[in-house]
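Here the structure is laid out as structure tokens; the discussion comes afterwards.
Labels below follow one simple rule: chain letters A, B, ... track the order of the sequence lines, proteins then strands, and each chain is numbered from 1. Just so it is clear, the model here is predicted, and its values are computed rather than measured.
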Protein chains: 2
Amino acid sequence: MVRRASSLTVRELVEQLIDDIRAGVVGDQEKKLPTELSLMQRYQVTRYTLRQALAQLSNLGYLYQAQGRGIFVRPQVEEYGMALQDWGGLAAAFQRQGKQLTTKTATITPILAGQAQFQPLKGLLEPTTPLWSVHRQRYLDGQPYLDERSYYLRDFVPKIPPEALFGSLFKFMQAQVPQALGFQDKVLTATIVTPELEKFFQLPIGSPVLTISDDSYFNSGQLIAFSSLNCDFRKTQLFLFKKLS
Amino acid sequence: MVRRASSLTVRELVEQLIDDIRAGVVGDQEKKLPTELSLMQRYQVTRYTLRQALAQLSNLGYLYQAQGRGIFVRPQVEEYGMALQDWGGLAAAFQRQGKQLTTKTATITPILAGQAQFQPLKGLLEPTTPLWSVHRQRYLDGQPYLDERSYYLRDFVPKIPPEALFGSLFKFMQAQVPQALGFQDKVLTATIVTPELEKFFQLPIGSPVLTISDDSYFNSGQLIAFSSLNCDFRKTQLFLFKKLS
DNA sequence: TAGTGGTCTAGACCACGAA
DNA sequence: TCGTGGTCTAGACCACTAT
């Protein structure tokens, strides 16, 4: 018989580890963490569970494990940065850095896919597919930072309350949507400001804009939303951590 | 006693699966793969090994697993695209798409860190650290595509043969370097063309450039190289797949 | 040689989706 | 309800690092 010996799941352990690392509860000054064995005992989990959690943290760039040497915490690069692999909404990510992302302008309109300004990255929608068209302009510490256009499939997201527009739409989706969120495809490109964005960002004509397009899917593989985020290039750095296998 | 029941390691299984999926050997027309149980039997591996491999493929965006439904192959977006999580070598990635990345100009010079045009993303080097300064201009199907400046720490990469400059420096490193490669930090930004790049890309003044900066580390945590890749924004899309759970 | 992380085996229960 | 993937247990051997 298999007993659940620990009270911690992988997900909980990840949260706990992040907190403990931040608080300096585990790890010494040289940013070295205890060995796997110690951590297993400390958190009362099996090696499998521990290593699942460490792998997640490692993929987020929080730490790395070196065979024969130990586990090391990695310094974070911050300053106007977004970690592409980090999860949750943008606002939460910036809040961890002591910055505030606020939405000052937000509109929502029901439209049909044929009227949308762009299509999903993969595949085309029937022109009659009902969508919510959401446009938000967001400010970082009071400065224009992000212009976001997203389209949600009304068939799967019947209602978006206006309050949600000024908070984290991601969290709203996570909580209110009938199925579990699955994954996103993202495409990053550099583009040239449109007259509209030129005004918003107060950029000269022809300036760059960093664009993040993404399609969001349910776990079932059903497309649920697609969006385009245009960022002020002077303020945007996108971080990524990659294992070299 | 634990026996190695299978001849396949996770890494081999990943390669095998990619090949078999491409060749259509596994999976039906609807792009559905057999169940985990079938795959375990087919490749003679345990569930653990199989799932490690599937997780890797899933993180690369090749497939996704839906609880209760099965395993599905995902269509790849291509066309001037680079998968940020994929490339062990750009040239190989493009080759899979039938495109050819060639290096036409390459120079290598020994310098000291104080003379470098930029520093690593994380931390500063002593100005007297000996480096190799490498500059390459690369063409995609004959068109200017990429301007690359990289710096390698001479203490750890004593020699870079000129031939290597025209092939995959990544593969050279992987093969010739004394320690195992570990991970990379990447930062993506949009910038404005410098006069030099303006000429290379034949872009108007003030045009955007998509810049990928990265630091490469040994598994030991030792920095080994840092570089900056400037891409023609008209031809560059960077793909990323992100799980949402 | 001891200690660390990396990999693998074998089996169990859990949760979701489709029939 | 049954089959699927998701999670967890418990233990073994392998490979790299430091001593």
Side-chain angles (χ1 to χ4, degrees), chain A residues 1-14 27-28 30 32-41 43-59 63-73 177-183 218-222 243-245, chain B residues 1-14 27-28 30 32-41 43-59 63-73 177-183 218-222 243-245:
Chain A
M1 184 170 68
V2 177
R3 298 226 216 83
R4 289 289 176 273
S6 82
S7 48
L8 288 181
T9 66
V10 171
R11 183 186 300 265
E12 291 163 347
L13 183 54
V14 168
D28 58 22
E30 290 159 358
K32 190 174 180 194
L33 254 57
T35 67
E36 289 189 348
L37 187 58
S38 318
L39 291 171
M40 283 164 65
Q41 290 163 349
Y43 295 103
Q44 285 295 299
V45 293
T46 61
R47 195 163 172 219
Y48 177 92
T49 304
L50 176 65
R51 280 180 65 79
Q52 293 279 326
L54 291 175
Q56 286 195 25
L57 291 171
S58 173
N59 281 327
L63 54 81
Y64 69 93
Q65 293 188 269
Q67 192 169 14
R69 300 201 332 128
I71 306 170
F72 301 85
V73 177
V177 132
Q179 305 177 43
L181 297 184
F183 50 86
F218 284 125
N219 211 313
S220 65
Q222 168 65 51
K243 283 195 184 170
L244 292 176
S245 112
Chain B
M1 184 169 68
V2 176
R3 297 225 217 86
R4 290 289 176 273
S6 83
S7 48
L8 288 180
T9 67
V10 171
R11 183 185 301 264
E12 291 162 348
L13 184 53
V14 167
D28 58 25
E30 291 160 356
K32 188 171 180 196
L33 255 57
T35 68
E36 289 188 348
L37 187 57
S38 318
L39 291 171
M40 284 164 64
Q41 288 162 352
Y43 295 104
Q44 285 296 298
V45 294
T46 61
R47 193 160 175 222
Y48 177 93
T49 304
L50 176 65
R51 281 181 65 79
Q52 292 279 324
L54 291 176
Q56 285 193 27
L57 290 171
S58 172
N59 281 327
L63 53 81
Y64 69 93
Q65 293 188 268
Q67 190 167 14
R69 301 202 330 129
I71 307 170
F72 300 85
V73 176
V177 132
Q179 305 176 45
L181 298 184
F183 51 87
F218 284 126
N219 212 313
S220 65
Q222 168 66 49
K243 284 194 184 170
L244 288 176
S245 98

Once you round it to whole Å, what is the distance between P of C:dG6 and CE of A:M40? 14 Å

Do the side chains of B:Q179 and B:N219 get nearer than 4.5 Å, heavy atoms only? no

Which nucleotide wins on minimum distance to the side chain of B:T49, given the candidates C:dT9, D:dG6, D:dT9? C:dT9

For nucleotides 16-19 of chain D, give me every protein contact, N/O to N/O, under 3.5 Å, one pair per line with atom names.
none

Side chains of B:F72 and B:L63, heavy atoms from C-beta outward: is any pair under 4.5 Å? no

Answer yes or no: does a side-chain N or O of A:Q65 lie under 4.0 Å from OP1 or OP2 of C:dT4? no

Contact under 4.0 Å: A:R51 side-chain N or O vs C:dG6 OP1/OP2: yes

Want to settle it: does B:V10 or A:I71 sit nearer the 5' end of DNA chain C, counting the closest nucleotide to each? A:I71

Hey, are the side chains of B:Y64 and B:R69 touching, using non-hydrogen atoms and a 4.5 Å cut-off? yes

Between B:T9 and C:dT7, is there a side-chain N or O to OP1/OP2 distance below 4.0 Å? no

Let me know the distance between OH of B:Y48 and C1' of D:dG11, rounded to the nearest Å. 13 Å

All salt bridge (charged side-chain N to carboxylate O under 4.0 Å, His left out) counterparts of B:R51, not counting sequence neighbours: B:E36

How long is the line joining CD of B:E36 and C1' of C:dT9, in whole Å? 16 Å

Taking atom CG of B:L50 and atom CD of B:Q41, what is their separation to the nearest 0.5 Å? 11.0 Å

Base C:dT7 to side chain A:R47, donor-acceptor N/O within 3.5 Å cut-off: yes

Write down the distance between CD (A:Q41) and P (D:dT9), rounded to a whole number of angstrom. 15 Å

Using whole Å, what does the distance between atom P of nucleotide C:dG11 and atom CG of B:L50 come to? 17 Å

Quick check: any donor-acceptor pair below 3.5 Å linking the side-chain of A:R11 to the base of D:dT7? no

Without decimals, in angstroms, what is the distance between B:Y64 OH and D:dG6 C1'? 16 Å

Name the residue closer to the 5' end of DNA chain D, choosing between B:S38 and A:Q52 according to the nucleotide with the nearest heavy atom. B:S38

Between atom CG in B:L54 and atom P in D:dT4, what is the gap in whole Å? 14 Å

Heavy-atom pair with the smallest gap, counting every atom of A:K243 and A:S58: CE-OG, 2.9 Å

Spacing of A:L181 atom CG relative to D:dG6 atom P, expressed in whole Å: 16 Å

To the nearest 0.5 angstrom, please state how far the CZ atom of A:F218 sits from the CG atom of B:L244. 11.0 Å

